[in-house]
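One-based numbering, in listed order, for ligands and for the atoms of each. Side chains are part of it too, since the values below use all heavy atoms of this structure and drop only hydrogens, waters and symmetry mates. Only a predicted model underlies this, so the values are computations on that prediction, with no experimental measurement involved.
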Amino acid sequence: MALQFITAFLVLGFAPVVDAAAAWDSSRFAVYTSDAGNDFRSAIPIGNGRLGATVFGTAVEKLVLNENSVWSGPWQDRANRNSKNAVPEIQRMLLAGDITGAGQSAMANMAGNPTSPKAYHPLVNMNIDLSHSSGVSSYTRWLDTREGTAGVTYLHGGTNYSREYIASYPHGVLGLRLGANGSGKLNVKLSLSRSQWVLSQAARVDKGTGGHAISLAANSGQSSNALAFWSEARVVNSGGACSVASPDGKSISITGADTIDIFFNAETSYRYSSTALAQAELKRKLDAAVAAGYPAVRSAAIADFSALMGRVKLDLGSSGNAGLQPVPTRLSNFKKNPGADPQLMTLMFNFGRHLLAASSRDTGRLSLPANLQGLWNQDYDPAWQSKYTININLEMNYWPALVTNLAETQKPVFDLINVAIPRGQAVAKTMYGCDSGFVLHHNTDLWGDAAPVDKGTPYTVWPMGAAWLSSDVMEHYRFTQNKTFLEQVAWPILRQTAQFYYCYLFKWKNYWTVGPSLSPEHAFIVPSSMRQGGKSEGLDISIEMDNQLLHQLFTNLNETCTILGLASTDGDCTAAAKDYLPHIRPPSIGPNGRLLEWRDASYGETEPGHRHFSNLWGLYPGQQLTPSTSSQLAAAAGALLDHRMASGSGSTGWSRAWAINLYARLLRGDTAWEHAQALVQKFPSANLWNSDSGAGSPFQIDGNFGLVAGMAEMLLQSHGGVVHLLPALPAAAVPKGSVSGLVARGDFVVEDLVWSGGQFAKATITSRSGGLLAVRVQGGKAFSVNGASYSGGITTTVGGVYQLVAA
Ligand SMILES: *[C@@H]1O[C@H](CO)[C@@H](O)[C@H](O)[C@H]1NC(C)=O
Ligand SMILES: *[C@@H]1O[C@H](CO)[C@@H](O)[C@H](O)[C@H]1NC(C)=O
Ligand SMILES: *[C@@H]1O[C@H](CO)[C@@H](O)[C@H](O)[C@H]1NC(C)=O
Ligand SMILES: *[C@@H]1O[C@H](CO)[C@@H](O)[C@H](O)[C@H]1NC(C)=O
C-alpha cells in the first residue's frame with residue numbers, strides 16, 4: 001500500500017517541499033510529505049499519558065494504539081530462595097579475593113526465576129480504509145508539539161481530505177476527525193485488530209446519539225490470570241449512513257458522510273477489580289466524549305497540552321528555508337551541516353517535552369511512568385521488554401521533568417515506587433534476610449517487580465535501584481519546595497530505602513559497604529593480586545557508584561529530617577547523619593588522574609569506551625563531583641569522561657545524552673553542544689525517536705529525554721544552592737538566543753533569559769515559594785538585580801519578581 005502511495009507522488013511529479021511552507025514554525029512542527037509506510041519509527045506519536053497512538057497516515061490509515069498497563073502477564077514471585085544463605089558466603093569470597101567464585105555463586109543462588117519480569121505489550125491497531133489506495137497528491141503529515149495533535153491532508157479525485165488526531169488528558173480518550181471539503185465525500189470502513197489472544201469483537205450501529213461502536217476485548221497473555229482489557233471506538237458521522245460490515249460483524253462502514261469523528265478508549269484489569277468496573281469506566285469516558293462532541297473534546301485537549309508546553313519557550317536562532325524541509329530531509333542535511341538548522345535542535349527539545357507530557361501524566365493512584373519506549377509499542381516481544389530499566393533509563397526519562405517545568409509528569413514514578421515498596425520489602429526479606437526497608441534491582445515492571453533481572457555478573461545483582469529512584473523523589477522537593485510532598489510522599493520512600501541499607505550494609509575498612517554489587521553493565525579485569533587475576537568479572541564490593549548513591553541517600557534523609565523537624569528525635573534520622581553519612585567511602589582518584597570505578601586502581605576496565613558513566617553519577621544527576629563541590633573531584637571526573645568519549649563511549653543515544661549532561665555540569669558548553677548535535681546526527685529515526693545505536697537499532701526513548709535535559713543544563717543549573725544562568729553556554733555555536741520558563745531548585749522560574757554575542761544580556765526570575773536566591777551568571781559575570789548591583793543572596797518573597805541585567 002505504501003509503495004503505491006509513493007509511486008503516486010512520483011507520477012504526479014510531487015516536489016518534496018512542505019506545502020504552504022511559510023505557515024509552519026520549524027521549531028514546533030515536525031512535517032512530512034509522505035506517510036510512514038510500514039515503518040513504525042516514521043509514524044507520529046501522540047498520547048494522553050495513558051493512551052497512545054502512533055499515526056502512520058497511510059492510505060488505509062493504520063494507528064498503533066497503546067495503553068500503558070497492557071503488559072504480558074500477572075506478577076510472579078521470582079525471588080531466589082537460596083539467596084539469603086548464600087549472601088554471607090559470597091561476601092566472604094569477595095573479601096578474600098575469590099571474585100570468580102563469588103560471581104558463580106551469585107548467579108546460581110541470587111538470579112531470579114524466571115530471570116525476567118513482564119514485557120510491555122501492544123493494545124490494538126485501528127484501521128481506517130478510505131479507498132484512497134492510489135491517486136493521492138499534495139500529501140502532508142504533521143505533528144504539532146505545542147498542541148500535541150497530528151494531522152494528514154491530501155488531495156484525491158479533486159477533493160481535499162483531512163484527518164486530525166488528538167489525545168485528550170481531560171476526557172481520557174483519543175480522538176480523530178476525518179474531513180473532506182465537499183459534502184458526502186467520505187466512504188470509510190473502520191476496524192480494530194489484534195493478532196494475539198482476542199476474547200471478543202463486536203460492532204453496532206447506533207440509532208440514538210451514543211455513536212456507532214466497534215469494540216475489542218483481549219487478554220494480554222496466555223496465562224490463566226492474564227491481564228484483560230476492553231477497548232472501544234465510538235463513531236459519530238455527520239451525513240451519510242452507517243452499517244455493520246457483513247459477514248464478519250466486527251467492523252463498520254460509513255458511506256457518504258461529511259465528517260466522521262472517532263473517540264477511542266481502553267481500560268484494563270490492572271486498575272479495576274472487576275470486569276464490570278472496567279467496562280463502566282470505558283463507557284463513562286466514551287459517553288462523555290460523544291456527549292461533548294469533537295470540537296469541545298479537541299479544544300479541552302489542546303488547552304491542557306498547550307498549557308504544559310507553553311511554559312517553556314526556547315529560541316536558538318532561525319534556520320530559514322533549511323527548517324522548512326520535511327523532517328527526513330532536515331535530518332539528512334543536519335548530518336552534513338548541523339549549523340544550518342538550529343531549529344532542528346529546538347524541535348528536538350520541544351519534541352522531547354511533547355513525548356514526556358504525552359507519555360506520563362497523573363491518571364489516578366496507579367499512574368504508570370514512561371517505559372523504555374515511553375508509551376508507544378507495536379511488538380509482543382519489544383526490545384528489552386520495553387520495561388522500566390532503573391540503572392539509568394527510567395531515571396533519564398525524567399531528567400527534563402523538573403528543569404523544563406513539567407514537575408507533574410513525575411507523579412507516575414512515585415506511584416510506581418509505592419507499588420514496588422511491598423514487593424521490595426518481600427525481596428529484602430527473602431533474599432537478604434532484612435525485615436525492614438525495600439530493595440529494587442536494575443529493572444522493574446508495572447507490578448513493581450523487585451527481584452534481580454537477567455543472569456550476568458555485570459548487571460543482575462545490583463541492589464541499588466531504590467537508592468537512585470529515591471534521589472529523584474528528593475529532587476522533586478528541591479525544585480517544587482512542596483512540603484506536603486516531602487512529608488507525605490518523599491519521607492516514607494526515603495525512610496524505606498534507607499532501612500534496607502541499615503540492615504544490609506557491612507563495614508569494610510570502617511566504611512559502610514554494599515556487596516555483592518556491580519558497576520552497571522561494565523565488567524572489570526580482576527587485579528593480579530587476586531585469585532583469578534586477569535579474568536573479566538562483574539561482581540564486587542564497594543562499587544564507586546554505590547557509594548555515591550549511598551552518600552546522596554543519607555544526605556537526602558538528613559536534609560528531609562531537618563526540614564520536617566525530626567533530625568534529633570527519629571532513629572532513622574540520627575542513624576543517617578551520625579552513623580552512616582560520615583562512614584561512606586569517598587570517591588577516589590587513580591594514578592592517571594581519573595576517577596576510579598571500583599575499589600582501587602588495581603581493577604582494570606574491560607571497555608574503556610563503555611556506554612554507562614556509572615561512577616560519574618555524582619557529577620550528573622548527583623552533585624558530589626561537581627566543580628562547585630570539589631574542583632579536584634570534578635577534574636578527575638572530567639578526565640574519566642574524556643577518556644571514555646575518546647575510547648568510543650556515547651555509542652548509544654542515551655549514553656550520548658548522559659555525556660551532554662556531564663559536560664554541561666563540567667561547564668564545558670562547547671563540548672556539550674558538539675555531543676548534542678552528534679546525538680541528533682546519529683540516533684533519531686524518521687519520526688525523531690531516539691534509537692539505541694543508530695539506524696536500524698531499537699527505539700529507546702531515554703535519549704530524547706536526556707537530550708532535552710542536557711540542553712537545559714547548558715542554560716541553567718541550580719545544584720549546590722546557587723542558580724547559575726548560562727553556566728555552559730555554547731557561545732561560539734549559539735551566540736544569540738533566549739529561553740523562558742526553565743525552573744531552578746528553590747522553585748525559581750527563569751523567564752526571558754536572553755544572550756547575545758555569546759554574553760548574558762538579561763533575565764527575569766520569579767520566586768514561586770520565597771526563600772534565598774543566590775545567583776551566578778556565566779561563571780561569575782557582574783550583573784544588577786532590580787537596578788542595584790548584585791552582591792550576594794537575595795531574600796525573596798512569594799511571587800517576587802527580580803530583573804537581572806548584565807552590568
Ligand atoms: C486541505 O485543507 C487543509 C485544511 O483543512 C489545508 O491546510 C491544506 O492546505 C489543504 N490542502 C490542499 C492541497 O489544498
Ligand atoms: C476545497 O479545498 C480547495 C483547496 O484548498 C479549495 O480550492 C476549494 O475551494 C475547497 N472546496 C470546498 C467545497 O470547500
Ligand atoms: C504538593 O504535594 C501534595 C502531595 O503530593 C499534592 O497533593 C499537591 O497537589 C502538591 N501541591 C502542588 C501545589 O503541586
Ligand atoms: C545534616 O543536616 C544539617 C542541617 O541541614 C547539617 O547542618 C548537617 O551538616 C548535616 N549532617 C551531615 C552529616 O551532613
Side-chain angles (χ1 to χ4, degrees), residues 9 12 14-15 17-24 29 31 33 135-142 144 149-165 177-182 185-186 258-259 298 308 362 364-365 367 401-402 405-415 417-418 473-474 476-494 498 512 550-568 570 572-584 586 623-624 629 720-721 743 747 768-769 772 798:
F9 291 147
L12 294 167
F14 181 80
V17 173
V18 171
D19 186 43
W24 303 107
F29 291 93
V31 182
T33 50
V136 162
S137 64
S138 297
Y139 180 94
T140 306
R141 186 166 58 106
W142 48 265
D144 182 347
T149 56
V152 168
T153 66
Y154 56 88
L155 295 176
H156 182 270
T159 300
N160 182 347
Y161 288 88
S162 65
R163 308 174 200 163
E164 185 187 59
Y165 314 79
R177 169 165 278 195
L178 304 175
N181 69 345
K185 293 281 189 186
L186 291 169
D258 305 334
T259 61
R298 175 186 189 275
L308 298 178
D362 178 6
R365 190 176 54 85
S367 301
L402 294 162
N405 220 331
L406 295 171
E408 59 270 74
T409 61
Q410 277 188 308
K411 162 73 161 50
V413 179
F414 311 143
D415 286 356
I417 295 173
N418 284 319
V473 180
M474 188 70 196
H476 183 88
Y477 169 74
R478 292 205 175 97
F479 276 85
T480 63
Q481 297 292 302
N482 182 339
K483 225 169 144 174
T484 310
F485 172 84
L486 188 70
E487 192 166 1
Q488 293 178 0
V489 182
W491 166 238
I493 292 172
L494 287 165
W512 286 115
L550 291 175
H551 173 84
Q552 190 68 59
L553 170 65
F554 297 126
T555 300
N556 291 346
L557 207 68
N558 179 47
E559 187 179 331
T560 301
C561 291
T562 305
I563 298 165
L564 299 181
L566 301 166
S568 56
D570 185 286
D572 289 328
C573 293
T574 50
K578 297 202 165 61
D579 190 5
Y580 284 82
L581 209 36
H583 297 284
I584 301 301
Q623 46 181 282
Q624 198 180 358
T629 306
V743 181
D747 206 17
R768 288 198 291 212
S769 300
L772 188 73
V798 175

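Nearest protein neighbour of atom 3 (C) of ligand 3, counting heavy atoms only, is Asn482 ND2, 3.7 Å.
Below 4.0 Å from some heavy atom of Ala577 lie the following atoms of ligand 4, by number and element: 13 (C). Distances below 4.0 Å separate heavy atoms of Leu155 from the following atoms of ligand 1: 13 (C). Close approach of ligand 1 to Ser138 is summarised as follows: ligand atoms under 4.0 Å from at least one heavy atom of the residue are 13 (C).
Remark: atom 14 (O) of ligand 4 lies closer than 4.0 Å to at least one protein heavy atom. For atom 11 (N) of ligand 3, a protein heavy-atom neighbour is found at a distance under 4.0 Å.
Evaluated by nearest non-hydrogen atom to atom 5 (O) of ligand 4, the leading choice among Thr560, Thr562, Leu557 is Thr562.
Close N/O approach between Asn558 and ligand 4 is found [any backbone or side-chain N/O within under 3.5 Å]. In terms of polar-atom proximity, defined here as any N/O pair under 3.5 Å, Asn160 does make such a contact with ligand 1.
Looking only at atom types and distance, the side chain of Asp415 has a donor-acceptor partner in the side chain of Ser367 under 3.5 Å away.
Interatomic distance, Lys578 NZ to Asn558 CG, rounded to the nearest 0.5 Å: 8.5 Å.
At least one side-chain heavy atom of Leu581 sits less than 4.5 Å from a side-chain heavy atom of Thr555.
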